[in-house]
Amino acid sequence: QVPLVESGGGSVQAGGSLRLSCAAAAWTRRLACMAWFRQAPGKEREGVAAISPGGGSTSDADSVKGRFTISQDNAKNTVHLQMNTLKPEDTAMYYCAADPYVDCVGGSWYRRDEYNYWGQGTQVTVSS
């Protein structure tokens, strides 16, 4: 079991910002690709952004490019998702995921089936 603990969700008006955090074990940050996914009611869980072990490379979905930034804090073994210019369509449960075998900057980082470790999720609600 790999504990992943998300925090930072909440409610905000359109155009606002939130920062999500995912606390992980130290070895997870050294070895695993870590990603943020989101799932809105009635929709599939979709990949939002990913960061490679060590934080040297990132990937993100077209729907969030220029608005969301994934980063890491090595000292705290934490991965953040800074979300700016939020839109109502960003409303979803956001999940942190990790797996040491995912190609974080290749073609599979956004596939939920690639990840074996998941957090419990944190809700983000954006009102218009």
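As the structure is a computational prediction, the values presented were derived from the model and not from experiment.
- Judged purely by atom type and a 3.5 angstrom limit, E6 uses its side chain to pair as donor or acceptor with the backbone of G121.
- Here K87 contributes atom NZ and S128 contributes atom OG; the two are 13.5 Å apart, rounded to the nearest 0.5 Å.
- Annotation: side chain of L4 is in contact with side chain of Y117 (closest heavy-atom distance under 4.5 Å).
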Pair M83-V64, side chain to side chain contact (heavy atoms under 4.5 Å, CB included): steps then yes or no: CA-CA 9 Å; M83 306 186 295; V64 304; over 6 Å; no
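- Proximity of the aromatic rings of F37 and Y110 is defined here by a centroid distance below 6.0 angstrom, and this criterion is not met.
- In this structure, I70 and V79 have side chains that are in contact, with non-hydrogen atoms separated by less than 4.5 Å.
- Looking only at distances, a side-chain donor or acceptor of T122 sits under 3.5 Å from a matching main-chain atom of G9.
- We find the CE-CG distance between M34 and N77 to be 9.0 Å, quoted to the nearest 0.5 Å.
- Put simply, SG on C22 and CG on L81 are 10.5 Å apart, with the number rounded to the nearest 0.5 Å.
- S127 and P88 get closest at one heavy-atom pair: C-CG, 4.5 Å.
- Side chain of D99 to backbone of N116: a donor-acceptor contact under 3.5 angstrom is found.
- Counting heavy atoms from C-beta on, the side chains of S17 and Q82 come closer than 4.5 Å.
- D73 and T78 share no donor-acceptor pair across their side chains, judged by distance under 3.5 Å alone.
- In this structure, Y115 contributes its side chain and W109 its backbone to a donor-acceptor pair below 3.5 Å.
- Here M93 contributes atom CE and K43 contributes atom NZ; the two are 15.5 Å apart, rounded to the nearest 0.5 Å.
- Ring planes of W118 and Y95: perpendicular class, angle over 60° (limits at 30 and 60°).
- Taken together through direct or relayed side-chain contacts under 4.5 Å among Ile, Leu, Val, Met, Phe, Trp and Tyr, W36 and V105 form parts of separate hydrophobic clusters.
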Tabulate below the donor-acceptor pairs under 3.5 Å that side-chain atoms of residues 45-59 make, not counting sequence neighbours, or state none.
unit_1, atom_1, unit_2, atom_2, d
R45, NE, Q39, OE1, 3.1
R45, NH2, Q39, OE1, 3.2
E46, OE2, R38, NE, 2.6
E46, OE2, R38, NH2, 3.2
S52, OG, G56, N, 3.3
S52, OG, S57, N, 2.9
S52, OG, S57, O, 3.3
S59, OG, C104, O, 2.9

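- Side-chain atoms of H80 and S21 include a donor-acceptor pair closer than 3.5 Å.
- Remark: Y101 OH to E114 CD distance equals 13.0 Å, nearest 0.5 Å.
- Counting heavy atoms of neighbouring residues, nucleotides and ligands inside a 6.0 Å radius, atom CD of Q123 exceeds 12 of them.
- Contact annotation: the side chain of V124 approaches that of L18 to within less than 4.5 Å [non-hydrogen atoms, C-beta and beyond].
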